[in-house]
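These notes are about the structure you will find just below.
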Protein chains: 2
Amino acid sequence: MTEIRQPTPRRGTNLPRMGDFNLTVILDAIRRSSGGLSRVELAQIVGLSPQTISNISRRLLDQRLIVEAGKEGSGPGKPRTILRLNPAGMYALGVHVDPAVITSVVLDLVGDVVKHSRIPTPAGSNPQRVIAAIADEIKGLIEDSGVDPGKIAGLGVAAPGPIDLDEGTVVDPPLLVGWDRVYLRDALAEATGLETLVDKDVTSAAVAETWAGGASGTGSFVFMYMGTGIGCGIVLNDEVVRGTSGNAGEIGHIIVDPDGPPCDCGLRGCVKSSCIPQVLVAEAEEQGILDGGRKGTEGPEVQEGFARLCDAADSGDERAIAIIDKSAVLVARAVAVVTNTLDVERVVFGGPFWARMSERYLERIPALLAANSAANSIHGIEVVGTGVGEDVGAIGAACLVLEHTLAPRAQRLLLEG
Amino acid sequence: MTEIRQPTPRRGTNLPRMGDFNLTVILDAIRRSSGGLSRVELAQIVGLSPQTISNISRRLLDQRLIVEAGKEGSGPGKPRTILRLNPAGMYALGVHVDPAVITSVVLDLVGDVVKHSRIPTPAGSNPQRVIAAIADEIKGLIEDSGVDPGKIAGLGVAAPGPIDLDEGTVVDPPLLVGWDRVYLRDALAEATGLETLVDKDVTSAAVAETWAGGASGTGSFVFMYMGTGIGCGIVLNDEVVRGTSGNAGEIGHIIVDPDGPPCDCGLRGCVKSSCIPQVLVAEAEEQGILDGGRKGTEGPEVQEGFARLCDAADSGDERAIAIIDKSAVLVARAVAVVTNTLDVERVVFGGPFWARMSERYLERIPALLAANSAANSIHGIEVVGTGVGEDVGAIGAACLVLEHTLAPRAQRLLLEG
DNA sequence: TGGCGGATCTCAGTCACGTATTCCCCTAAA
DNA sequence: TTTAGGGGAATACGTGACTGAGATCCGCCA
C-alpha cells in the first residue's frame, strides 16, 4: 500500500531545457497580457535581451503558437509589432467525470471553449462502460469541432478524489461505487490515442483559473470548489500544488461549527457535515422551507433543491436567507484555516453551485475572512468569484494539458530519470 | 496596509544562472548523501554528464566548499575519489528571538553547531535594547568561535510571527509588547555588517530540518513546531513554502475539539485554546496534579510546569497521562487538517517542548493520523521526531542563510528585477 | 525628400553542457 | 615483479542559447 518513495535528489538542468523553459516563459507573458505584447516589452518583462526575445519569437511564430497582430506606433521610430496568442495554434480536450454528468470540452490556446458537450453518466457507473462512453464522446467532439487533430495536444481528465497521480487511477471515490483503482489515464489514452492526464477536479479548477481566469489566476491563491462536496485547489507562486499523490485540497473534515451536526468521522460540525449543499437542502426541508418530497441525495436533485432554496432566499424568505448566510460563515471559517496555513493573497470561488450563492457569499465572506486572518495586519486577502463559469471542471481538465505543455513550471527545467 | 502587488510575470533564465543552479544541485546531492559521493555517482544522481560534474566539482573545490576525502576502490579499475562537504567551507550565524530567551549559534556548512550561546531577552523587551543585545552577542560569538569572518555567509533571524518578509519586520507579535513593525532585518544588518535574513520561527525550524535533519528533511513534509504556541513549517518538493508575506503555518485557530474551552476568536476548542502547553499546565493545576502556586503564563514557568506534568505522567499518574494523551489526539486532528490540505508524505515534530512529549506522541499520533487521512488508501504518512534538538529555532535561523546561499531553489534560476 | 528615433535583425562572441578521446590509477593474473 | 585490463577523471572539440554591437528597417516629422 505504502510504497516507499526514495528521496528523489533534485536533478540538474541543461541548455535545451533552458531554451524550452524560456520559450514557455515568453508564451506565458504574452498569454497573461491583455491584447498582446511587443518584443521590447517582452524583453523588459522577462528580463532577457531583445535578441533572445526575437529568436524565441521566431520559434513561436514558426510553431504558429503566436501571430504578429498589427503594429503599435505612438511617436517617432519604428512601431512595435504586437505579438498575440494564436487561438488556433493548439487545442486541448477536457473531460469532467462527475457521478451524475460527464462534461467534455474542446479548448483553444487562449482558453476559449470551441465545442462543448454534456451527457449523463451511464447508469450503474460501471467503469468500463463509462470509459467507453467518454471515448465515444471525445471522438464525436473532435469531429464536430472541425479542429485539426494534429493540433490537439492531449486529453485532460478531471475526476473526483481520491486519486493516485502516479498510477493515473481513481481510488474509490465516495459517489462512484465500484470505481476502486480504475486506471482511467491508461484506459482513455488507449481508447482515444491521445496523451492523457488525470487530475482531481478541484485541482483542475485551479488550473483553469490560472489559464483562463485572467488576473485572479496569478500569484498565490486558493480555489474554493463549491460542488456536491467542497474542496480546494491550491496555487502558490503561479504553480499548482498537487501533493504527493495528487490529493491536496481535501478540506471536508475541517471543523467549522463546534455546535454542528455529527459527522461520519466521529466529530461534529465538519465542512462536510454542515455546509455542503446537500446538508443545506436537508435543513431547509426539515424547516419546511422546501417540500421534502424527494429525498435529495443524488446530484441533480441536490442541485435542484439548492436552486429552490436560493430562490426562496432571493424572494426574501428570512429562514432561507439565514441558512445561506450561516453557511457563508462556516465556509469562511474553513477558508480561513487554509489561508492562514498557506498565507495566500487571494481566494477564488467557483464550481457548479457557485453561481447561485455568489452574491450573498461575496457580500459576507471578505469581512469574515479578514476577521479571522492571521496576517490581516500585513496584507488583505482578496475574495473573488471565478470568471470561468460552471464548466470549470471540464475546462480545467483541458487546461491540465495546456499547463503541462506550455506553462513555465520549474519542473520543466529539471532533467528527468 | 494592503499594498497591491502587481502580478510579477515569471522571468526567464540564462547561462550563468544555469551554471550556478547546477552547482547548487551538486552541492545539495553531496550534502544529502551520507558520507560523500564520487563524481560518477553524482553524474547518475543529478543527470548531468561526468565532465560537467568534473568541471563543477573543480569550482566547488576551488571555493573550498567541498574536499576530496579518500578513495573507494572495490574491484578493478581506478577507485572513486569521494567528494565530501568541507564543514569549514562556510559558516552561518543564527539567532532565535524568543520572548523569553535569545539563542544564538554559529553553524558550519554541514549544519553542526560550532558555538552556541543563550541569554535572557532583555526585560521590558524594548526593541532597540534587544537589537543591541543581539548585535553584541553575535560579535562575541564570532570572536569566541574563532571562525574566519570572511567565511561567514550571513546572519539568519528567527522571530515569532506575524512578520512582513518584504520589509524584514516583526509585526506586533502577541508575546513581545511594543514590537510593532520593528525593522529587525535592517537594524541587525547595520549593527553587524552581515547580510541578514529574517523569517518566522516555524519556517526556520522547517529549513533546519531540510538542512540538518537528514532523510526526514527531504521531499514534502510539515514541521510541527511545539513551542509556547503550536505552528507549522511547510516544505513541498524540497522547497520551503513561506506564503505571500512569510506567514504560512498559522494553525492556532484550527478547531480540534468541538467540546473544548472557548477561544479569544469567539469559537471553541481551537489548537491555541486547547492543546498548547500553557493550557495543559493550567488544566493540570486545576485538577490538582500540579500545585498552582505560580501562575505559569510566562515562558519559563510554562516550560517548568510542563516538565513537571510530564514527570507526573512518566511516574504513572493517570490523570497526567490522560491530559497528555488527550492533547495528542487534538494535535493529531490539527495535523490531519494540514496533511489533508497539502497531501504531504511526512510530519516532523520538534521544538522546545517536543522532547518531553515525544514518546507518548509518537506512540499515539501515527494511528490517529492514518485514521483521519484522506489519502490513507494511497499512501501512508510518516510521523517522526526531529533530530535537530531543542535549538531548532536558532539552528534554523542559520540554515536560512545556508539555504538562501546554497540550496537549489527554482527561484535561483530566474532573472530578477 | 531627407533626417531622426525606435524596433528589430544580423553577426560574432561567450559560456555551459555534451561527446569522443586520452590519461591515469588500481587490481589481478602471469 | 611485470603486464594486461578495467574503470574513473581530464582534455579537446562541438553544439546551442544567450549577449552585445552595429546594421537595417520603418514611420513620423520637418
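The model shown is predicted, which means the values in this text are computed figures rather than measured ones. Per chain, numbering begins at 1; letters A, B, ... match sequence-line order.
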Seminar exercise, completed: Per atom distances to the A:Ile56 side chain, the nearest of C:dT8, C:dG18, D:dC18 is D:dC18

Exercise. With sugar-phosphate meaning primed atoms plus P, OP1 and OP2, does B:Asn55 contact a base, only sugar-phosphate, or nothing at under 4.0 Å between heavy atoms?
Worked result: nothing

For this session: Please report, rounded to the nearest Å, how far the C1' atom of C:dA7 is from the CG atom of A:Leu42.
Result: 13 Å

Exercise. Taking only N and O in the side chain of B:Thr81, is any of them less than 4.0 Å away from OP1 or OP2 of D:dA9?
Worked result: yes

Exercise. Are B:Thr52 and B:Ser49 side-chain neighbours, meaning at least one heavy-atom pair lies under 4.5 Å?
Worked result: yes

For this session: Please confirm whether the backbone N or O of B:Ile82 pairs with a side-chain atom of B:Ser38, one donor and one acceptor, at under 3.5 Å?
Result: no

Exercise. Is there side-chain contact between A:Val113 and A:Val106, with at least one heavy-atom pair below 4.5 Å?
Worked result: no

Problem set entry | Residue pair A:Met90 / A:Gln63, side-chain heavy-atom distance below 4.5 Å | no

Exercise. B:Leu15 CG to C:dC15 P: how many Å, rounded?
Worked result: 9 Å

For this session: Could you check how far CD of A:Glu68 sits from P of C:dA7, rounded to whole Å?
Result: 15 Å

Exercise. Just how far, in rounded Å, is P of C:dA16 from CZ of A:Phe21?
Worked result: 19 Å

Problem set entry | Protein proximity profile, nucleotides 19-24 of chain C - base contact B, sugar-phosphate-only contact S, no contact -, cut-off 4.0 Å on heavy atoms | BB---B

For this session: State whether B:Asn14 places a side-chain N or O below 4.0 Å from either non-bridging phosphate oxygen (OP1 or OP2) of D:dT19.
Result: yes

Problem set entry | Heavy-atom neighbours of A:Glu195 CD exceed 12 at 6.0 Å | no

For this session: Check whether any side-chain nitrogen or oxygen of B:Ser54 sits under 4.0 Å from OP1 or OP2 of D:dA10, and answer yes or no.
Result: yes

Exercise. Within this structure, what is the CZ-to-C1' distance between A:Arg17 and C:dA16, rounded to whole angstrom?
Worked result: 16 Å

Exercise. Rounded to whole angstrom units, what separation is found between the CZ atom of A:Arg59 and the C1' atom of D:dG16?
Worked result: 10 Å

For this session: Measure the distance from CD1 on B:Ile82 to C1' on D:dA9 and round it to the nearest whole Å.
Result: 14 Å

Exercise. Rounded to whole angstrom units, what separation is found between the CZ atom of A:Arg58 and the C1' atom of D:dC18?
Worked result: 14 Å

Exercise. Between A:Arg39 and C:dA7, is there a side-chain N or O to OP1/OP2 distance below 4.0 Å?
Worked result: no

Exercise. Between B:Arg11 and A:Ile45, is there a donor-acceptor pair closer than 3.5 Å when you use the side chain of the first and the backbone of the second?
Worked result: yes

For this session: Return yes if some donor-acceptor pair links the side-chain N/O of A:Arg409 with the main-chain N/O of A:His404 below 3.5 Å, else return no.
Result: yes

